[in-house]
Amino acid sequence: MRYANIHARSLTDPDGFWMEQADAIDWHRRPSKALFSDNAPLFEWFADGQLNACHNAVDRHVEAGHGDRVAIIHDSPVTHSKREITYAELRDRVASLAGALRAKGVAAGDRVVIYMPMIPEALEAMLACARLGAIHSVVFGGFASAELAKRIDDAKPRAVIAASCGIEPNTVVHYKPLLDAAIDQAAHKPYFCVIFQREQEVAALTEGRDHDWHAVQHGVEPAECVPVAGNHPAYILYTSGTTGQPKGVVRHTAGHLVALAWTMPNIYGVKPGEVFWTASDVGWVVGHSYICYGPLIHGATTVVFEGKPVGTPDAGTFWRVIAEHGVVSFFTAPTAFRAIKREDPAGALLADHDISSLRCLYLAGERADPDTIEWARDKLRVPVIDHWWQTETGWPIAANPMGLEPLPVKDGSPTVPMPGYDVRVLDPEGAELPRGELGAIAIRLPLPPGTLPTLWNAEARFRKSYLESFPGYYETGDAGYIDADGYIYIMARTDDVINVAGHRLSTGGMEEVLASHPDVGECAVIGVRDELKGQVPLGLVCLNKGVERPAPEVARECVALMRDRIGPVAAFKLAAVVERLPKTRSGKVLRATMVKLADGEPVTAPATIDDPAILDEIAAALRGLGYPRR
Ligand code: COA
Ligand code: AMP
């Protein structure tokens, strides 16, 4: 009943509930109340409080006598290195970097873009910004220059902090040339860049603009934590929407800290001083919340893992990391387990490692298929907990509150709504559907603390994307149902977003890239089922009239164009030229029908189709790409 009581109270008495949770963090000035609804349907939390995120994540633990506790373990099979950083060391390193940024003019409210691989310096850069009240915007390393340029133009950073390179299993990713190209392409020019030179690659620095990470800190005064208002943006994180222009999700400082502080013991069951590991990337929301801020706010030890589930060097790497560092709670995406299961179906490599420290495995980022859950549970012999959330929410909407009150697991469901989330299933007109019926999943406003208050410089887009379809609700963009026991099931997206290896991508954005090819007249990108990555994108293009180039050549160019414009993370490898696209008589491209063809599901031509014969042509093109898969 503990969960049920807490959830009910969070909805009936949000102010009382969240003010109590606010005790878990340190305030420079306590807020007068939790919820600020004067600007409804836009809500804010703890707006008149004052606090600092870096103080909460770092300094307060040192001040409480835990300076010798390990804050960060960097485990990097791709560079064959491991190191530990204590809370006291982390404070000194972050204060020094923040001092250098401040000496170069970075102040509260300035934006700083961070483009770094999975190294502790990425977290230090985030925390140094937080220390000054600067707003960071981390860009995932797998995005190409053009995507980085879009984010630079939108966030208009005073500075960019980057590493010279990232290390992928078979290649060195040259971050610095990608950054240089992005700054060239962007209309906004940052005043300066700080470059962390890795020993695997020393990048050329641009005189006057770029500063070496160590040199820039030489002789500067360490910076103290600057208190900011509770509704001061801690960061902007860009995520895919329906167009090629990413959405800048804003996270306010106080709500972020209070919500994460609630989740660490109650969802993840972690105690201060224990080791918590999230195998994701700081470029994603999961990395912000559970590689950086969540574990550190809680005084736990976080693992920064620079490697892959397989191939670095083998499918036993995860078990080695858990055993070596004594991980108690582990969080990753289902795709990582699918990769391991494919390489080592019997889980034989587990025999080499003692993973008895592990209490629970958490999965998110995409639908956790029951096969993968079953395999993980059988091999690891711990509960496997699926939980559902989004970049927008910053922490789980639905989960099994393992630390509070473990609830029975139902495979295929991320369990029940977390405090403050009033989840409903609606029909297209906004009427609530009975239990068990599939519909759009929406959350009654206000959303709880820690969730997005708006989009960066795009309030109108925020309202249109999330608040207008169902007045009084936040539209999640996911479809699903709630069963008789109140368990939530997430079945599909209701928009053009696809999920590739736990990464969220916009098919609309990809279509914009294909349409920019000079020979392409029309195009469609669909997400097709993939055994490993869940979904992968597939593009079908029609050539402009009069273009008589060989189809395979154009298809190859489309693949290269996508890699160049969006980056390797798009995993766009499938493209074919077709004569026509299937459309309704009113001209709407029938993407869902093509997805069914590619996935090998039964297809009946929609009554509104312009010309049913086109479906045979599309089926032939898909067969040419190997779809449906056997
Ligand atoms: N910087 C630069 N390039 C990157 C990158 C980064 N940080 N991360 C990935 N890439 C590149 C990869 O090298 C790959 O390039 P390639 O086309 O030249 O091979 C491409 O982007 C796709 O990467 P990825 O999605 O990682 O696929 P993969 O085939 O290399 O590995 C998995 C497959 C399943 C092992 C991998 O996707 C994985 O570990 N997924 C976990 C997902 C995850 O953590 N999601 C976070 C949400 S919780
Ligand atoms: P992102 O913003 O990148 O975290 O992606 C969020 C989207 O990923 C959600 O809207 C869902 O579509 C999907 N997603 C995340 N977690 C889950 C889950 N546990 N089950 C099903 N889908 C999920």
(message) Using the ring centroid of each side chain, check whether His387 and Tyr268 are separated by less than 6.0 Å.
(response)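 His387 vs Tyr268: aromatic centres under 6.0 Å.
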Holding to salt bridge (charged side-chain N to carboxylate O under 4.0 Å, His left out), I want the full list of residues that pass it with [X], two or more places apart in sequence or in another chain.
{"X": "Arg251", "result": "none"}
{"X": "Asp68", "result": "none"}
{"X": "Asp483", "result": "Lys410"}

(request) Can you sort out the partners of Thr79 under side chain to side chain donor-acceptor pair (under 3.5 Å), two or more places apart, ordered by chain and number? (result)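 Listed in chain order: Ser76, Ser81.
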(message) Going by side chain to side chain donor-acceptor pair (under 3.5 Å), name the residues that satisfy it together with Asp564, two or more places apart in sequence or in a different chain.
(response) none
(request) Would you kindly check if the NZ (Lys) or CZ (Arg) of Arg629 is within the cone defined by 45 degrees around the ring axis of Tyr627 and under 6.0 Å from the six-membered ring centre? (result)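 Relative to the ring axis of Tyr627, which defines the angle, Arg629 lies inside both limits.
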(request) Might you confirm whether atom CZ of Arg83 has over 12 heavy atoms from other residues, nucleotides or ligands at distances under 6.0 Å? (result)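 Yes, the 6.0 Å shell around CZ holds more than 12 heavy atoms from other groups.
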(request) Can you label the angle between the Tyr421 ring and the Trp395 ring as parallel, tilted or perpendicular, going by 30° and 60°? (result)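 Tilted: the ring planes of Tyr421 and Trp395 meet at 30° to 60°.
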(message) Angle between ring planes, His61 versus Tyr87, binned at 30° and 60°: parallel, tilted or perpendicular?
(response)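 Perpendicular: the ring planes of His61 and Tyr87 meet at over 60°.
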(message) Can you tell me which residue among Phe305, Phe318, Tyr290, Phe276 is in a ring-ring contact (aromatic ring centres under 6.0 Å, His included) with Phe330?
(response) Phe318
(message) Regarding Lys150 and Glu147, does a basic nitrogen lie under 4.0 Å from an acidic carboxylate oxygen?
(response)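 Between Glu147 and Lys150 there is a salt bridge, with a charged N closer than 4.0 Å to a carboxylate O.
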(request) Using the salt bridge (Lys or Arg N to Asp or Glu O under 4.0 Å) rule, collect all pairs that involve residues 343-352, keeping only residues at least two apart or in two chains. (result)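 Residue pairs passing salt bridge (Lys or Arg N to Asp or Glu O under 4.0 Å), neighbours aside: none found.
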(message) Quick one about Asp75 and Trp277 (side-chain donor to acceptor, distance below 3.5 Å, no hydrogens or angles considered), yes or no?
(response) no
(request) Taking the side chain as every heavy atom from C-beta outward, state whether Glu121 and Arg93 have any atom pair closer than 4.5 Å. (result) yes
